[in-house]
Amino acid sequence: MTLILALTGASTAQQIDLIQNPSARQGTSLNGRWQTLMDPYEAGYYDFHLNPIPDGGLGANRVPKDKGDKYELTFLPATPALQVPGDWNTQKPELLWYEGSIWYRREFDYAPRATPRRQFLWFGAANYQAVVFVNGKKVGQHEGGFTPFQFEVTGLLKERANAVIVKVDNQRHPDAVPPTMTDWWNYGGLTRDVKLVDVPETFIQDYQVQLERGSLNSVAGWVRLNGTHKRQKVVIRIPETGSSASVETGEDGYAQFAFPATLSLWSPETPKLYEVLVEAETDRVQDRIGFRSIATSGTKILLNGKPVFLRGVAIHAEAPFRSGRVFSEAEARTLLGWAKELGCNFVRLAHYPHDEVMTHLADEMGLMVWSEIPVYWAVQWENPVVYAKAERQLAEMISRDKNRASVVLWSVANETPLGDARTKFLSSLATKARELDPTRLITAATLPHGGAPNTIMIDDPLGKVLDVLGCNEYIGWYDGPPEKADRTSFQTVYDKPLVMSEFGAEAPAGNHGSEGTAWTEEYQANVYRHQMAMLQRIPFLQGMAAWILMDFRCPRRFLSGVQDYYNRKGLLSDRGEKKAAYYVLSDFYHSPAAAR
Ligand code: GCB
C-alpha cells in the first residue's frame, strides 16, 4: 500500500483541475437531443481484429464522400436521438437492460467572443467510461460514473457545425469502482448536464471558502488561477457581512486567505447562505455559500459547537414517479422535500456522488449530507489500479462539493468485508479525504459483528481512522425477527459517535397483512417500531439513516409480483405512496426523543 500511495496518492489532488461552480460561468448548455448509436460490439471503436480504429472510428465524425463511398461508421440525419441529460435505459424499452457502449453526437454552432478566451467541455457525469471527441479529434477520456470531468477545447471550435461525439460505456468490470455486484440499476449514458464553459484566458479555476476548522467567525480558504497571468490580486468578499480578504496569487496561481466575519451560521433550522464573490483581475465568480462548523467530541457530533442528532434517511438518485436517474432540480426537490417532511435534518446520498443539484438544494433546504463514493461491497483491495480509481473519485467528489455547507460527512466505503488489504485500502482513502478537506468528518458504512450473545460490537479496525462510525444492520429483516431488536445491545471499542447508516425492511406499497407476514407494510412498520426502541438505547448513537426513502430499480430483486426488479425497502413507493413505516419513522423524528 505504501507503494500504491507513492504511485498514485500524492499526485491525485493536483490532477483534479475541475472548474469550480461551472453553472455560474459563461457558456453554452449542450443539453438536449443528441443523436445516438448503440454499439454492443464496440465496432465503432475497434476493427475486426480488435485493434483500435486509428482515426477514432465513429469519433472521427466522417461522412461518406460521395454516392459511391461505402463508409459506414457515420451518423446520418436519420440516426435516432436520446435526451441529455438522462440515462439511456429509461428512454427506450430496448435499452432498459442494456450494458455496453452507446455513441452520442451533438452538433452546435459557436460564436467566439472578442477577447482571448478558453473553452472547456464539461460533463456533470457519464456512466461509466467516456471517450470524448471534438470535431474528429479525441480530447480525452474519463472513468467513473458519478463525478464531473472536463476537457479543454480551446482552438478546436469553429463558428458552424461543431460536433461533440462521446462513446459512453456502462459495462461492469471486476476492477471498476463500483465492481460488478451492486444493489442498484446500472443506468448508462450522459446522465447529467453537458456544458461548454467559456472563461477568460486566465480564469479562477477553483476555490474553497469555508469556516476555518475550529472557528465560528474566521472564513478561510484558497483560490487557484489557471492561465498565463497567474500572479494577480484576488479579492474574496461576502458583501452582506461587509467582510473580505485581498490576496496576491503566486507563480502557481495559488493563494490562501483567512478573514474574520460575523456570520449567521448555517444549520438545518436556519440554512443561511451568503453571496460570496471571488474577484481576480481577469475573472470573477459568484457563489452562494453557508458557513458552519462540524466536529466530534468523544461520542458527540457537534454542529456549530452544539451536539446534534442526525435524523436521517438514505436516498438513491432514483427519480420519483418515473424511475431512472435523477438530474433535474424538480426531482431533487421532491426527494429532499419528502425527507424534510419526514422530519429529517440529514440525508445519506447513497451510494455514489449524486447530481450537484442535490447538494446545492440540501444547502438551501437545510439538510446535512453524507456523501459517498461507490467503494461498495467486494472491491479488488489488492489492486493498485482500483485504488487509484477509488481515490480519483473521492478527490473529484470532494473537489466538486467542498463549498457546500450541507455536506458534513465524506464516506469512503459501504459494507466491505473485513481483511487487512481492505482496511489498508480504506484507511488510505480516509487519510486522503482528510488531507483534501480537513473541515469535514470522515466516515464509512461498516457491517455489524457479533460480540457476546445479543450484542453487536462496533470494533471494525477501520474505525481507528474514521471520525464517525457508520454501521448497517438489518435486525428484523436479514437478521432475525423484528423482536430480536428488543434483546440486542450495542457496544463499541471506540470513543467516537455512531450513525446507524442503514436499517429497514421490504414491502411493496399496498401489500397488507399481519405484522408477522413478511413483505407487508405491517411487517415493515413493525421492524421500524422495534428498531426505534433499540436505537434509542444506544448511548453513543448520534444519528441514523433509514434504508431507504423511496423504492428503487434493482436487477438483483427478482421476487415476482413483490419486487419485480425493485428494491422495495422504500418508506415511499416509486410512485410516491407513503407506507406504514413512513409514519412510524416520522412520528419518531417529530418526537422529543429524536430532538436530542
Ligand atoms: C445494504 C446495502 C444497500 C442495499 C441494502 C438492501 O446493506 O448497503 O445498498 O440496497 O442493504 O436493501 O439489502
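Predicted, not measured: the structure shown is a model, and the values here were computed from it. Remember, it's 1-based here, ligands and their atoms both numbered in the order they're listed.
Within ligand 1, the atoms closer than 4.0 Å to a non-hydrogen atom of Asn567 are 6 (C), 10 (O), 12 (O), numbered from 1 in the order shown. Residue-ligand proximity, Asn414 to ligand 1, at heavy-atom distances under 4.0 Å covers atoms 2 (C), 8 (O). Numbered from 1 in the order shown, with element, the atoms of ligand 1 that lie under 4.0 Å from a heavy atom of His351 read 3 (C), 8 (O), 9 (O). Listed by atom number, the atoms of ligand 1 under 4.0 Å from Phe552 heavy atoms are 10 (O).
A salt bridge between Arg348 and Glu372 is present, with a side-chain N of the basic residue lying under 4.0 Å from a carboxylate O of the acidic one. Taking a cutoff of 4.0 Å between a charged side-chain nitrogen and a carboxylate oxygen, Lys402 and Asp437 do not qualify as a salt bridge. Taking 4.0 Å as the cut-off between side-chain N and carboxylate O, Arg325 and Asp355 do not count as a salt-bridged pair.
Protein heavy atom at the shortest distance from atom 13 (O) of ligand 1 is Tyr478 OH, 2.4 Å. With respect to atom 4 (C) of ligand 1, the closest heavy atom belonging to the protein is Asp183 OD2, 3.1 Å. Considering only non-hydrogen protein atoms, atom 7 (O) of ligand 1 sits nearest to Glu415 OE2, 2.1 Å. Ranking protein heavy atoms by distance to atom 12 (O) of ligand 1, first place goes to Lys569 NZ, 2.6 Å.
Considering both main-chain and side-chain atoms, Glu502 comes within under 3.5 Å of ligand 1 through a nitrogen or oxygen pair.
By the 6.0 Å and 45° rule, Lys578 stacks over the aromatic ring of Tyr582.
Ring planes of Trp88 and Tyr98: tilted class, angle from 30 to 60°. Taking the six-membered ring where the residue is Trp, Tyr352 and His316 present tilted rings, their angle falling between 30° and 60°.
Shown here are the side chain to side chain contact (heavy atoms under 4.5 Å, CB included) partners of Leu418, two or more places apart in sequence or in another chain: Arg422, His449, Asp460, Pro461. Contacts of Ala125 classified as side chain to side chain contact (heavy atoms under 4.5 Å, CB included), with partners at least two apart in sequence or in another chain: Thr191, Arg192.
Within the 4.0 Å heavy-atom cutoff, Phe503 does not count among the residues contacting ligand 1. Distances shorter than 4.0 angstrom occur between a heavy atom of Arg557 and an atom of ligand 1. Proximity of Tyr474 to ligand 1 is established by a heavy-atom distance of less than 4.0 Å.
Tested against Met500, the residues Asn472, Leu310, Ile538, Leu469 include a single side-chain contact (heavy atoms from CB on, under 4.5 Å) partner, Ile538.
Around atom 9 (O) of ligand 1, the closest heavy atom drawn from Trp377, Tyr376, Trp477 belongs to Tyr376.
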